[in-house]
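Quick caveat: nothing in here was measured; it's all calculated off a predicted structure.
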Amino acid sequence: MDDDIGKIKVIPDYFQPSTSEDSSPPKKPSVKTPPRTENCLRSDSYLWPKKRFRSAGFMLNLLNIKGLPWGSGADGQEKVELTAAELESLRTQLADLEEREAHLKAQLEHVDEILRSARLSGYLHIRTRWKPLPGEPPPIDDTDVDDWLPRFVVLHGTCIFFYLVCTDLSPQDSALLSDIVEVGPLPCFTREDDTQYSLYILTRQGLRYECSSASKIQVDSWLTALQADCKSKSDTKLSNGDHS
């Protein structure tokens, strides 16, 4: 007898899982891998040269040799037929790639040497000014002239080196620490909506390097290092009896 609750007819055990074999999930048919026969090995050995030649063709296409003429040799293997001009062009491109690789390797070694041995290094914005000689009129106020140029500056040994970029192998300019007579801070200014902190480096020849950066910590680091060098140089002169 079925139980009635209002108008809902309750069927006992309706939601119980079925125990019949038909409800079991169907098994996936097993896939057997056919054994590798001698014919399969022959097929693989035949495809390998074709793959290798395709890779060679891809590399040649990278070297701007367009429309490579493929042909078959007497042994049935595929080969590329190049004219003398195309072969010479390929050799030239390979030589250029080797030269570029050697240049990039030298740049990486140079940057690595700087990072390992330099006392300080980093990008600063630089501009140069000459100190007026006695009797010369004061320089024209050019504070509105934006002639700050980014340079990679390196303090190494007894010199300051100025590179255009960090990967350059030769500096654009340099200054001996022994030629520096004065180092000090400059007032902050605004450039491209950023506050710039700056310092100056004055040499005995009258050349004044003005250096700026948006990082106060970076500018303070350069000030501390260069002022320490100047103080050390002054102390050495005094200990040697040079009071000039």
Side-chain angles (χ1 to χ4, degrees), residues 95-133 136 139-140 142-192 194-237 240 242 244:
D96 291 342
L97 288 175
E98 291 176 354
E99 183 179 353
R100 178 168 175 77
E101 181 185 9
H103 181 69
L104 291 175
K105 184 178 179 181
Q107 287 181 323
L108 289 176
E109 291 176 351
H110 177 66
V111 173
D112 181 65
E113 176 65 22
I114 287 177
L115 295 178
R116 286 190 297 104
S117 59
R119 293 160 55 192
L120 269 179
S121 63
Y123 278 98
L124 294 171
H125 281 83
I126 307 292
R127 69 178 186 178
T128 56
R129 296 290 185 270
W130 285 98
K131 184 179 179 181
L133 297 174
E136 284 188 343
I140 300 174
D142 56 357
T143 54
D144 295 334
V145 178
D146 188 3
D147 55 352
W148 295 93
L149 299 175
R151 293 291 181 266
F152 187 72
V153 189
V154 177
L155 176 58
H156 184 274
T158 60
C159 287
I160 302 176
F161 299 99
F162 301 91
Y163 295 85
L164 287 176
V165 291
C166 64
T167 54
D168 282 352
L169 300 180
S170 300
Q172 185 192 38
D173 195 5
S174 63
L176 290 171
L177 295 179
S178 57
D179 287 338
I180 296 176
V181 295
E182 192 176 341
V183 177
L186 288 172
C188 299
F189 63 95
T190 302
R191 183 172 180 269
E192 297 179 354
D194 288 332
T195 300
Q196 298 287 316
Y197 304 90
S198 56
L199 69 143
Y200 71 91
I201 303 169
L202 182 62
T203 67
R204 68 172 72 247
Q205 293 83 10
L207 182 58
R208 174 183 168 114
Y209 295 96
E210 297 183 358
C211 316
S212 71
S213 171
S215 171
K216 185 176 185 301
I217 296 176
Q218 186 182 21
V219 171
D220 288 344
S221 298
W222 281 96
L223 271 172
T224 301
L226 294 176
Q227 286 176 341
D229 284 332
C230 287
K231 183 177 184 304
S232 175
K233 182 179 65 175
S234 300
D235 292 343
T236 302
K237 285 185 177 181
N240 293 334
D242 185 0
S244 58

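Taken from CG in Leu207 to CG in Asp173, the straight-line distance is 7.0 Å, to the nearest 0.5 Å. Rounded to the nearest 0.5 Å, atoms CD1 (Ile114) and CG (Leu155) are 12.0 Å apart. Within the model, atoms CD of Gln205 and CD1 of Ile180 stand 10.0 Å from one another, a figure rounded to the nearest 0.5 Å. Atom CG of Leu164 is separated from atom OG of Ser170 by 10.5 Å, given to the nearest 0.5 angstrom. How far CD1 of Ile160 is from CG of Asp179: 10.5 Å, rounded to the nearest 0.5 Å. Annotation: the span from His156 atom NE2 to Leu120 atom CG amounts to 12.0 Å, rounded to 0.5 Å.
Here Asp220 pairs with Lys216 under the side chain to side chain donor-acceptor pair (under 3.5 Å) rule; sequence neighbours left out.
Screening residues 199-230 for ring-ring contact (aromatic ring centres under 6.0 Å, His included), with sequence neighbours left out, gives Phe162-Tyr209.
Nearest approach of Leu177 to Asp229, heavy atoms of both residues: CD1-OD2, 3.5 Å. Residues Leu115 and Ser121 come closest through the heavy atom pair CD2-OG, 4.3 Å. Pairing each heavy atom of Cys159 with each of Leu176, the nearest pair is SG-CD2, 3.2 Å. Listed here is the closest heavy atom pair of Gly184 and Leu223: C-CD2, 3.6 Å.
Counting heavy atoms from C-beta on, the side chains of Gln227 and Leu199 never come closer than 4.5 Å. A heavy-atom distance below 4.5 Å is not found between the side chains of Thr158 and Ser178. Between Arg129 and Asp147 the shortest side-chain heavy-atom distance falls below 4.5 Å.
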Q: Decide yes or no on side chain to side chain contact (heavy atoms under 4.5 Å, CB included) for Gln218 and Tyr197, but give the supporting numbers first.
A: CA-CA 9 Å; Gln218 186 182 21; Tyr197 304 90; over 6 Å; no
Q: Mind running side chain to side chain contact (heavy atoms under 4.5 Å, CB included) on Tyr123 and Ser213 for me, showing each step along the way?
A: CA-CA 8 Å; Tyr123 278 98; Ser213 171; over 6 Å; no
Q: Check the pair Ser198 / Gln196 against side-chain hydrogen bond (donor to acceptor under 3.5 Å, both in side chains), numbers first and verdict last.
A: CA-CA 6 Å; Ser198 56; Gln196 298 287 316; over 6 Å; no
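Ionic pairing of Asp168 and Arg151 is not present here: no N-O contact between side-chain nitrogen and carboxylate oxygen is shorter than 4.0 angstrom.
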Solution key, residues 95-105 side-chain donor-acceptor pairs under 3.5 Å, sequence neighbours excluded:
from, atom 1, to, atom 2, distance (Å)
His103, NE2, Gln107, NE2, 3.2

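Between the side chain of Arg191 and the backbone N or O of Ala214, no donor-acceptor pair lies under 3.5 Å.
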